[in-house]
There are 2 protein chains.
Amino acid sequence: MGNKEEEIIKAAESMVREGGYNSFSFRDIATAVGVKSSSVHYHFPTKADLGVAVAEYYTNKFLSSLGDPGQLINDGKDPIKIYVRAFKDALLNDKRMCLCGILGSEIDGLPSKVAAQTRIFFERNIEWLTIVYLSKGSKKYAKSKAMQTLSLLEGAMITSNVLTDINVFDKVADLLNHA
Amino acid sequence: MGNKEEEIIKAAESMVREGGYNSFSFRDIATAVGVKSSSVHYHFPTKADLGVAVAEYYTNKFLSSLGDPGQLINDGKDPIKIYVRAFKDALLNDKRMCLCGILGSEIDGLPSKVAAQTRIFFERNIEWLTIVYLSKGSKKYAKSKAMQTLSLLEGAMITSNVLTDINVFDKVADLLNHA
DNA sequence: GTCTATAATTTGATAGAC
DNA sequence: GTCTATCAAATTATAGAC
């Protein structure tokens, strides 16, 4: 991936996470990275292409930050703690929603290929969590637990953001310690 | 509220819930209710005005559908069951996200008065749930539990919508029965 | 209250020079 | 790869007739 491509994707990530897929234009992106909008179109022909690239970039970044669940378990670490921390970091460092949480909430209005890529974020996260819960012994409900954890944290980010109180995230996430 | 105003608000509600605040235009609304866009501006001078009205309308509709929590408790009903059911109804009947879940995820990109009205939805829902959890005896954690329940259900709607599987909602909401 | 007309700006996108 | 120039369509919004 060229340097400019990554710059564009990062600018777009920030803008989607601030106000959603329809909240920014190619000109906004161009200004942010110091080129003209036609140059952005050179790298990403359509807005949907850019949307797909951003969702894919974010998904890979997020999942690789988690590490391999099997490895974490072998190392005696608590993968759920790490998972919760990853969401909180997104909220703390970037002071923003989860990219795929926003895209997910808007999914019925997205171009189909952006919607498809958004779905992949959810599927890969559920896979990751399912492996963890399987290792904890809940054979039958591992996938349900995975979906609960993901949903709770997406919701926690929204509520925390709406109430502009970072402590809300911790209070909500604490449910995972008592379930 | 005039009849046309309500028609406009309902059309806008549907469109926001499909793709967010920036996914529709005054012309879209006008076409949907059979008038010209200038007529929509007559009722709601700016888009932010319409956004506020929609968020307020949705909040009142949702909370009055729940009923009074004290009354429900007195009647020996389970308010949490009713609360979960209200979210599921929104998903089932309208086949759409929670309006304020979408607006909440986009909140940093919304006009400030729309953001403020969105915040009110969250606050009023937390108040409602806090009354319920206080009655169940958890004095210290009632508000935290309220925020957990609201967040879980908002997340459940997103995940269920993204995976286009209504059963996901039930599986996620089931966490409330084991916490 | 709704219409026609229109303004001013923004949008996603393309053609072609350098 | 980036630029200038440009396009057609869409956007929010207003003025004024009916």
Side-chain angles (χ1 to χ4, degrees), chain A residues 1-55 57 102-103 106 108-118, chain B residues 1-55 57 102-103 106 108-118:
Chain A
M1 181 161 55
N3 197 37
K4 215 62 184 180
E5 245 114 32
E6 196 164 349
E7 267 188 77
I8 291 167
I9 287 175
K10 283 180 177 173
E13 181 199 331
S14 171
M15 290 176 193
V16 173
R17 291 177 69 186
E18 192 173 324
Y21 181 79
N22 294 302
S23 73
F24 72 95
S25 72
F26 268 53
R27 269 177 180 79
D28 294 330
I29 301 286
T31 302
V33 305
V35 294
K36 295 293 172 181
S37 70
S38 54
S39 298
V40 180
H41 278 286
Y42 169 80
H43 295 286
F44 303 97
T46 69
K47 195 179 180 183
D49 293 324
L50 176 55
V52 170
V54 172
Y57 170 84
I102 287 214
L103 293 180
E106 295 175 333
D108 291 332
L110 294 179
S112 59
K113 49 169 144 175
V114 182
Q117 194 62 49
T118 302
Chain B
M1 182 159 56
N3 197 38
K4 217 60 185 182
E5 244 115 30
E6 196 164 352
E7 266 189 78
I8 290 168
I9 286 175
K10 283 180 177 172
E13 180 198 331
S14 172
M15 291 177 193
V16 172
R17 291 176 69 185
E18 191 172 325
Y21 181 78
N22 293 301
S23 73
F24 72 96
S25 73
F26 268 52
R27 267 179 181 76
D28 295 328
I29 301 287
T31 302
V33 305
V35 294
K36 296 293 172 180
S37 69
S38 54
S39 298
V40 180
H41 278 286
Y42 169 79
H43 294 288
F44 303 98
T46 71
K47 196 179 179 182
D49 292 325
L50 175 55
V52 169
V54 172
Y57 170 84
I102 287 215
L103 293 180
E106 296 175 331
D108 291 332
L110 294 180
S112 59
K113 50 170 145 173
V114 182
Q117 193 64 49
T118 301

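Reckoned from all heavy atoms, side chains included, excluding hydrogens, waters and symmetry mates. In what follows, every chain begins at residue 1, and chains take the letters A, B, ... in the order their sequences are listed.
More than 12 heavy atoms of other residues, nucleotides or ligands lie within 6.0 Å of NZ in B:Lys4, so this atom counts as buried by the packing criterion.
The line from CD1 of A:Ile29 to NZ of A:Lys10 is 14.0 Å long, rounded to the nearest 0.5 Å. Taken to the nearest 0.5 Å, the CD atom of A:Glu18 stands 11.5 Å off from the CD atom of B:Glu106. One distance of note links OG1 of A:Thr118 with OH of A:Tyr21; it measures 10.0 Å at 0.5 Å rounding.
Considering only heavy atoms from C-beta on, A:Leu50 stays 4.5 Å or farther from A:His43 through its side chain. Contact annotation: the side chain of A:Ile9 approaches that of A:Phe44 to within less than 4.5 Å [non-hydrogen atoms, C-beta and beyond].
The shortest non-hydrogen separation linking B:Arg17 to B:Ile102 is O-CD1, 3.6 Å.
Look at CZ on A:Phe44: it is 11 Å from P on D:dT2, rounded to the nearest Å. With rounding to whole Å, B:Glu7 atom CD is found 13 Å from C:dG1 atom P. Between the NE2 atom of A:His41 and the C1' atom of D:dA5 there is a distance of 14 Å, rounded to whole Å. Between the CD1 atom of A:Ile29 and the P atom of C:dA13 there is a distance of 13 Å, rounded to whole Å.
Only at 4.0 angstrom or more do the heavy atoms of residues 109-116 of chain A sit from any atom of DNA chain C, so none qualifies.
For B:Ser39, no side-chain nitrogen or oxygen approaches OP1 or OP2 of C:dG1 to under 4.0 Å. In this structure, A:Tyr42 does not reach the D:dT2 phosphate: none of its side-chain N or O atoms is under 4.0 Å from OP1 or OP2.
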Output a table of nitrogen or oxygen pairs between the protein and nucleotides 4-11 of chain C separated by less than 3.5 Å.
residue, atom, partner, partner atom, Å
C:dT4, O4, B:Ser38, OG, 3.0
C:dT11, OP2, A:Ser25, OG, 3.1

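Between A:Ile8 and the choices A:Val35, A:Val40, A:Val54, A:Asn3, the side-chain contact (heavy atoms from CB on, under 4.5 Å) rule is met once, by A:Val40.
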